[in-house]
Structure formats: C-alpha cells, structure tokens
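Notes to accompany the following structure.
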Amino acid sequence: MNPSKHSTAESNRRIVIFDTTLRDGEQSPGCSMNLAEKLEVAHALAQLGVDVIEAGFPIASPGDFEAVQAVSKEVRGSVICGLARCREEDIDCAWDALREAESPRIHVFLATSAIHRERKLRMTKEQIIERAVAGVKRAVGYCSNVEFSPEDAARTEIDFLCQVVEAAIDAGATTVNIPDTVGYAVPEQMYRVIAMLRERVPNIDKAVISVHCHNDLGMAVANSLAAVQAGAGQIECTINGIGERAGNCALEEVVMGLRVRNDVFHADTGVITRRLVPTSRLVSGITGMLVQRNKAIVGQNAFAHEAGIHQDGILKERATYEIMQPEDVGFSRSDLVLGKHSGRAALAARSRDLGYDLTQEQLARVFQDFKALADRKKEIYDADLAALIEQQIHVVEDTFSLEKYEIQTGTDKQPTVSLALRRSDGEVCRTQLEAGDGPVDAVFLAIEKLTGVSAICRDFRVHSVTVGKDAQGEVQVQLEHGGTLYRGRGVSTDSLEASAKAFLNAINRILSVTTDAPAVKSDRVR
Ligand code: KIV
Ligand code: ZN
C-alpha cells in the first residue's frame, strides 16, 4: 500500500473516535438499554475520552428521542450526535433532541449503492444527490457540525460515490462517512476507496473522512485500520464491537491497534486506554452481551499466559510474549485481590482501580455483599468484585428480594421448593410447592406464584465469573411478558440462588414498567 499524496507520513495524526454503542450497538437484538442505562454508558464514554458519542436515532422512537435529549443535557466533554434520514421530519426531530448539547452534531444518511437505489428507495442517481444535498443543507441550517453517510458506500460505484461525497461537502457536510453497511469490504478495497476519494473529490480537504465498518466477515477492525492508512481521520466503532448482526468495529481493538502499531499507522486517539476494560464491563453488564474470554484487549484471557514456555519467558522479560501491558487497558496485573479480613477502605480502593466510582451508599451495599462472599469463598478476584459491583449499581427498584429458599430434588423426583421473598414494604411472603421440570423451573414457578407475575423464559445462561470450584456463577435470563423481553441477572456461589436472583431481577423490571411506558418491539430487551 502506498501512502496517498496527502499522507502526513511519519508525524502522528489525531484520529477522531466516534462511538455508536448507543445507536448502532443498541439497535442490535438483545442490546437495548433503558434511559438510565444509556446515560450511564454515555457518561462512561465521555470519561473514556471518545470524541463523538452517537446517542441515538431520535425519530426512531420516543425512547430514542428522550435518550438523545438527556445525553445532550447531561454529558459534557464529547460531541453528541443524533442520526437522521435525509428527511425534513427526521432532521428537525434530531435537532430538537440535540439542541441543548454542548457540542451537537447531526448525522444524516441516505443509501447510494445500486441495489439500495433500485430495490429499496426506487430513486435515480440524480434524485439521490438531490435528496442528500437537501438533507445536509437542512441540517446545516441548525448546526455547523454535520456528518453525511452514503449508506452501503462500500458497494457503491466509485464514480457515483465521488459525486455524492462532493455534493454533500458542497452542501456543508463537515464529515463524510464511508459505511461498509453489510460488512462486505476487505482491507485493500477500503484503502483504495478512501485513497480514491482523496484523489478525485476536489473539495475533500474541507471535510474529515470517516469509516464505519460492520463485521460480517470479521474484518471490521482491519478495514477501519486500512482506511486510516489511506488517510481517513475518523473511525466509527462500538464498545465490545456490539452492533447489527456480527457487530461493528470494536473500539478497544482499533484504538489499541493504532497505539501498539504506531510504527505503522503514525496516528493516535484521545482515548484513555486504561478505561477500556471498565467500560467494556459496564456495557456487557448492562446489555447482557457477554464478552468472550479470548476476545482481544478486554477478554478475561487476553493477557493470561498458560503455556509453561510463555510463563517462563514473561518472568524473564515481559516483552517476550506481551505486546502491550494489561495495565494499559485497565486490567490489574495482580488479579488476586481481597480476602475475609479486607476492610472497607481496601474495597473502595480496589473498586476505584477497576474503574468504578461508587457512592457511599453503593459502597456500603457492595461491602455487605463482599463480606458475605468472603465467608463462602477464600480468594476474591477482580472479576468477583466487578460482578458484585455491577449487581449493586444497576439496581432496578426492587419490589421483591430473595429472602430464603430451600429445595428437595433428585433424579426422577419432582422438586419441592420453599421460597420466601421480602417485599419493598418489609413484608415477607412465603410459599411451598411441588412442581416443575427441575430445580430451576421449580424456583421460577414459586417466584411467579409469589409475585403474581408470569412470564415465558426465552433465554437462560450460566457462566462462572472466575475459575475454581468455589467460583461465583452468573446467571442471565430473558423473560417475555406482554410481548416485551426483560433482562435479569444474578450472581452467587450457589448457581440455583443466582438463578432465583436473575429471575427476580427480571420480574422487578417488569413491575417497574408503568402502564404508560412506550410500547417496544418484542426483540427489544429491557
Ligand atoms: O451501517 C450503516 O450504514 C449505518 C449508517 C447509518 C451510518 O449505520
Ligand atoms: Zn452501521
């Protein structure tokens, strides 16, 4: 690959990091967040140092509008962006949601590829250009920071793409984004498209070139990095790579790629990389999208050296087998943390190291859970602590909490469960029943009976938070109630207790939704 004529060769370029976790990430099945969760993620993204936060697609739903508006009012330090189709009502709505942002951006998009033009939009090339120009101009009427995306750009004829991009910049777009909407591109092609835009679009220097790559062929990060090599100045990405289908370019991977291989890319970002792991944990905890253990940068095994030869090498010289250090991305090297005798101050310090800024009240609750866990488990690892914290900081208003359960079960025997739940008014209610296909089912049935809420269990997953026989089990459930999916999560060294807590957590979410809450599609999860 040859550097294009505008390349700044050896000097470091500052790449704009545009995070779309709250828009492209959130719109993928199973990842939807409520308003409080979106705000929490937005604050975390600002703390992480991302330049632009795409907070949502305001016209898509009242919930999206409210989220973009709330993020605009509250979050400072990053540009806040709202998405709109090239339609007047979309753009007006986006601006309504964004108007209180410290630094707003309107992002308008319109598909340009032949298949989208002919089959989806039924528009000619001329009509596309006309609509794109009108959209950009309307957005510019509201705010000076306007991004234009020719959707499916990677499958658009290059001559036409150049024409659309030129027209959008002429109309006032300050960023032109090149999406690989269906994850079809390969790195060499992405490089060529960006290089060609830089060569052939006469006004290209008036805008930042951006890339937005989907991961259908597993090449989103590689494609984004190739675009940077060709001169792109902005990367669109999401935490943990969540997003439509196979997801989007993973922020943590692309940022660390630029940093670790600075010798190749000569570019850096404003991301505070030691906040990558805490932010990844936050998004995973809120969305319920687990991060695979061997995931680059933020997976639990990303820095674990198992092979004897590797361990020996690491002890002699870290660089033998480590291209970056765990501390750089927010992992701590000494994973073994606290024990039975650790005090509140040690717990607070460790929580801060893990990236959690707990209130006194949250700390008190986590400390209580920590002491209970230390009675059951000798060694408490970072992941144990993070699981306890996550459970406490994402609390929904608990109508019911688990007081006690007992179960008798066995092969070919119908389980008998006794369950006691405490209501928020302090009253304890109890039931005993002999029912269910197995112990988990029996506990679920007993909870349904006591709470008066029945739901269909659509997903049930258990994983161990750390290693060892005494590891905590984390259970995640999705319950369907009234056509909507609700998420629940519970952690305990006893996996049945974790199941009960997860089920109850989802039931509490159902109970916390008021009757006037906006209707959501059934593939959206609360
Ligand atoms: O993938 C895509 O094309 C998009 C656009 C709206 C930028 O998400
Ligand atoms: Zn996308």
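We count ligands from 1, going down the list as the structure has it; atoms in each ligand are counted the same way.
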Using distance alone, with no hydrogens and no angle criterion, decide if [X] and [Y] have a side-chain donor and acceptor under 3.5 Å apart.
X: S149; Y: N177; answer: yes
X: Q476; Y: E474; answer: yes
X: E244; Y: H214; answer: no

Relative to the heavy atoms of [X], which atoms of ligand 1 are at a distance of less than 4.0 Å?
X: D24; value: 8 (O)
X: H214; value: 1 (O)
X: E151; value: 3 (O)

Do any of the N, O or S atoms of E244 sit under 2.8 Å from the Zn ion (ligand 2)? no
What is the nearest protein non-hydrogen atom to [atom], stated with its residue, atom name and distance?
atom: atom 4 (C) of ligand 1; result: H212 NE2, 3.5 Å
atom: atom 8 (O) of ligand 1; result: R23 NH2, 2.9 Å
atom: atom 3 (O) of ligand 1; result: T181 OG1, 2.6 Å

Using a 3.5 Å distance criterion without hydrogens, assess whether the side chain of [X] forms a donor-acceptor pair with backbone atoms of [Y].
X: S284; Y: R281; answer: no
X: E102; Y: G77; answer: yes
X: T273; Y: D328; answer: yes
X: E37; Y: N34; answer: yes

Nearest heavy-atom neighbours spanning I80 and S72: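 Minimum heavy-atom separation between I80 and S72: CG2-OG, 3.8 Å.
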What angle sits at the Zn ion (ligand 2) between NE2 of H212 and OD2 of D24, to 10°?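 Value returned, to the nearest 10°, is 90°.
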Is [X] in polar range of ligand 1, meaning some N or O pair under 3.5 Å apart?
X: H107; answer: no
X: S149; answer: no
X: N177; answer: no

Would you mind telling me if ligand 1 is within reach of the side chain of Q27, the backbone, both or neither, using heavy atoms under 4.0 Å?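 For Q27, no heavy atom sits under 4.0 Å from ligand 1.
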